[in-house]
Asks: 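This structure is in structure tokens; I'll ask about it shortly.
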Amino acid sequence: MTITTFQIATLAGALTDLGELATPVIEPRSTYQPYAVSHDLGNGMVRGSGYPVATWTWDFISAAERTMLRTYCTGRSSRVQIATKDDSLAYKAYTAVMVWPEIEEHFAGRRLNFTIEFHTLVEIGA
């Protein structure tokens with residue numbers, strides 16, 4: 001199956017396009033890094049280590065969209081499944097740890113510059 005959109009699910013659920021959730025969520029900007037940490041080596045080189053990480057960022061989201069996303073991460077973090085773009089800009093499915101923003105900027109009933117992090121990405125079916 002080819003994935004062509006951002007998707008999310010609980011670990012036990014089926015991936016659903018963000019735009020097809022009970023409360024649709026607009027598509028985010030995203031980042032993907034194939035490793036979690038960079039290490040400066042003594043010879044000027046840099047080595048990456050750890051699991052891949054990704055972020056989803058919205059310039060703003062509504063209170064309803066935030067509430068919809070919160071159902072997948074009711075605490076500071078939660079294990080989920082996502083489909084997101086990798087470093088080749090292809091969508092791939094992963095299990096991940098969803099990390100809720102520590103600080104949320106809000107204005108006029110919206111969250112501004114809202115970023116969710118996804119740690120410990122493990123590709124599903126790889």
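Along the sequence shown, residues are numbered consecutively beginning with 1.
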Asks: Can you tell which of Thr55, Leu69, Thr57 makes a side chain to side chain contact (heavy atoms under 4.5 Å, CB included) with Ile116?
Replies: Leu69
Asks: By the side-chain hydrogen bond (donor to acceptor under 3.5 Å, both in side chains) test, which pairs, at least two apart or in different chains, include something from residues 60-70?
Replies: Ser62-Glu65, Arg66-Glu104
Asks: Kindly compute the distance separating OH (Tyr91) from OG (Ser30), expressed to the nearest 0.5 Å.
Replies: 7.0 Å
Asks: Could you check whether any side-chain heavy atom of Leu121 comes within less than 4.5 Å of a side-chain heavy atom of Tyr51, counting everything from C-beta outward?
Replies: no
Asks: How many angstroms lie between CD in Glu105 and CG in Asn113, if you round to the nearest 0.5 Å?
Replies: 5.0 Å
Asks: Minimum heavy-atom separation for Trp56 to Gln7, with atom names?
Replies: CH2-O, 3.3 Å
Asks: Quick one: pull up CG in Asp86 and OG1 in Thr84 and give me the separation to the nearest 0.5 Å.
Replies: 8.5 Å
Asks: Where does the angle between the aromatic ring planes of Phe114 and Trp58 fall among parallel (under 30°), tilted (30 to 60°) and perpendicular (over 60°)?
Replies: tilted
Asks: Answer yes or no: does atom CZ of Arg47 have more than 12 heavy-atom neighbours from other residues, nucleotides or ligands under 6.0 Å?
Replies: no
Asks: Donor-acceptor pair, distance only, cut-off 3.5 Å: does the side chain of Glu27 make one with the backbone of Leu18?
Replies: no
Asks: Given 3.5 Å as the limit, does a donor-acceptor pair link the side chain of Gln81 with the main chain of Leu11, or not?
Replies: yes
Asks: How long is the straight-line distance from OG1 of Thr31 back to CD of Glu117, given to the nearest 0.5 Å?
Replies: 8.5 Å
